[in-house]
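Reading through the structure tokens given below for one structure.
These values consider heavy atoms only, across backbone and side chains, with no hydrogens, waters or symmetry-generated copies.
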Amino acid sequence: MKILVLGAGKMGSFFIDLLSFDHEVAVYERDPKRLRFTYNCLRFTSFEEIRNFQPELVINAVTVKYTIPAFQEVIPFLPKSCLLSDISSVKTGLKDFYDSMGFRYVSTHPMFGPTFANLSQLSEENAIIINEGDYMGRCFFKDLYSRLGLNIYEYSFEEHDRTVAYSLSIPFVSTFTFAAVMEHQDAPGTTFKRHMRIAKGVLNEDDYLLQEILFNPYTYDNVANIRRELKTLMEVIDHKDAEGMKAFLAKIRANVQRDIQEIK
């Protein structure tokens, strides 16, 4: 299959490496410097090269802010039979966009961003395939993600956004809170250092991505839950309530244990 990858960032390069030995892969990237480390693929910097390549599948791997604009730029140079796909972590507006274009499409979300994941060992990572769009496109990505050992879940666009609002907004807001109050430590403890590594990783993400995760309409209720639990904890601390603290710890340990069992 002829596959065009839009964007030679971390995830774009990952898909190039993943697909280039079984398919004829090309990458389009505005910044030629980013193409220096791409391997075993055609490297395009003009739309005419895309037209001549005649891709059968486009994987849009640009940052979330430019997902739709990148499609809009490249679509005039694609054959009508081309299958469009994105790996965006924020799907807001994508369904309406796809429906308006008249192209076949498939939307997925590999939930193992390169910030923290070990890309050579993904058996503990997850991927979401949107259960709307082209059937054969879904089959292609299901087979691809299965070969990586990923745990695959199929959601609608709306279910995806609900899931992402929960799984990303809670750790993001918790990390933001930690970073907002932290001070330099000459001799930080192990827990502090671990939180610091997480904070550095999260804050290396694209600002627009962080914004869109927090502006997701399903995020507010999750943040409100954090605020409610912090209020409970503050009351326990204010009153030095030993029994209240015991009950609070029992509840959160039960939450963590239940999550561990569900993962298993």
Side-chain angles (χ1 to χ4, degrees), residues 5-19 27 29 34 57-72 74 84-98 105-119 122 124-133 137-138 140-142 144-145 148-176 198-223 226 263:
V5 177
L6 299 180
K10 291 179 180 178
M11 289 305 292
S13 298
F14 172 77
F15 274 92
I16 293 167
D17 291 342
L18 181 63
L19 296 166
V27 56
E29 171 59 59
R34 287 186 129 187
L57 168 66
V58 171
I59 299 177
N60 191 333
V62 303
T63 58
V64 65
K65 182 178 182 179
Y66 299 108
T67 300
I68 291 178
F71 273 139
Q72 290 171 327
V74 76
L84 305 181
S85 74
D86 73 273
I87 57 170
S88 176
S89 55
V90 178
K91 304 296 185 186
T92 305
L94 274 172
K95 186 180 188 311
D96 290 340
F97 171 78
Y98 282 134
Y105 71 86
V106 56
S107 184
T108 75
H109 180 189
M111 298 182 71
F112 52 88
T115 300
F116 296 115
N118 178 357
L119 297 182
L122 295 170
E124 295 183 1
E125 305 295 341
N126 303 316
I128 292 174
I129 297 176
I130 302 301
N131 58 17
E132 304 170 60
R138 299 200 303 271
F140 175 84
F141 280 96
K142 189 171 185 178
L144 181 65
Y145 293 155
L148 291 173
L150 292 166
N151 303 296
I152 300 170
Y153 300 88
E154 296 192 37
Y155 296 146
S156 67
F157 279 103
E158 181 179 357
E159 289 169 336
H160 169 272
D161 284 352
R162 286 184 182 275
T163 298
V164 168
Y166 175 79
S167 64
L168 293 184
S169 66
I170 291 177
F172 279 11
V173 170
S174 300
T175 299
F176 292 169
I198 292 172
K200 288 179 178 178
V202 169
L203 294 173
N204 277 333
E205 296 284 2
D206 178 73
D207 285 0
Y208 186 83
L209 170 63
L210 298 176
Q211 171 185 298
E212 289 302 292
I213 293 298
L214 294 184
F215 290 177
N216 183 319
Y218 303 110
T219 291
Y220 181 86
D221 288 343
N222 293 310
V223 178
I226 294 174
I263 291 174

Next item on the list: May I ask you to say whether Asp207 pairs ionically with Lys65, meaning some side-chain N is under 4.0 Å from a carboxylate O?
Entry: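 Result for this pair is no, no salt bridge flagged.
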Check: Does Thr219 have any side chain to side chain contact (heavy atoms under 4.5 Å, CB included) partners at least two apart in sequence or in another chain, and if so, which?
Finding: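 Ala165, Ser169, Leu214, Asn216, Val223.
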Item checked: Contacts of type side chain to side chain contact (heavy atoms under 4.5 Å, CB included), residue Leu203, not counting sequence neighbours ->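 Here the qualifying residues are Phe176, Ala179.
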Checklist line | Passing candidate, side-chain contact (heavy atoms from CB on, under 4.5 Å) with Leu144, options Ile152, Leu150, Leu18 | finding: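 Of the listed residues Ile152, Leu150, Leu18, the side-chain contact (heavy atoms from CB on, under 4.5 Å) partner of Leu144 is Leu18.
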Mind listing the closest non-hydrogen atom pair of [X] and [Y] along with its distance?
X      : Y      : result
Val106 : Tyr98  : O-OH, 4.1 Å
Ser89  : Ile213 : O-CD1, 4.4 Å
Ala199 : Thr175 : CA-CG2, 3.4 Å
Arg138 : Ile130 : CD-O, 3.1 Å
Ala61  : Val5   : CB-CG1, 4.3 Å
Met111 : Ser167 : CE-OG, 3.6 Å

Check: Just by distance, with hydrogens left out, do Ser107 and Asp86 show a side-chain donor and acceptor under 3.5 Å apart?
Finding: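 Their side chains do contain a donor-acceptor pair, which is all the 3.5 Å distance test asks for.
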Next item on the list: Kindly indicate, with the supporting measurements, whether the criterion ring pair (Phe, Tyr, Trp, His ring centres under 6.0 Å) is fulfilled by Phe71 and Phe97.
Entry: CA-CA 10 Å; Phe71 273 139; Phe97 171 78; 5.8 Å; yes
Notebook entry, point to check: Between Phe141 and Tyr145, how do the two ring planes meet: parallel, tilted or perpendicular, split at 30° and 60°?
Noted result: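 The rings of Phe141 and Tyr145 sit tilted, inter-plane angle from 30° to 60°.
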Flag, side chain of [X] to backbone of [Y], donor-acceptor distance under 3.5 Å:
X      : Y      : answer
Glu132 : Phe157 : yes
Lys91  : Thr108 : yes
Asn222 : Ile170 : no

Next item on the list: I would like to know whether Phe14 and Phe112 meet ring pair (Phe, Tyr, Trp, His ring centres under 6.0 Å); could you show each step before the answer?
Entry: CA-CA 11 Å; Phe14 172 77; Phe112 52 88; 5.6 Å; yes
Check: Which pairs count as salt bridge (charged side-chain N to carboxylate O under 4.0 Å, His left out) when at least one residue sits in residues 157-176, sequence neighbours excluded?
Finding: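 Passing the test, one end in residues 157-176: Glu158-Arg162.
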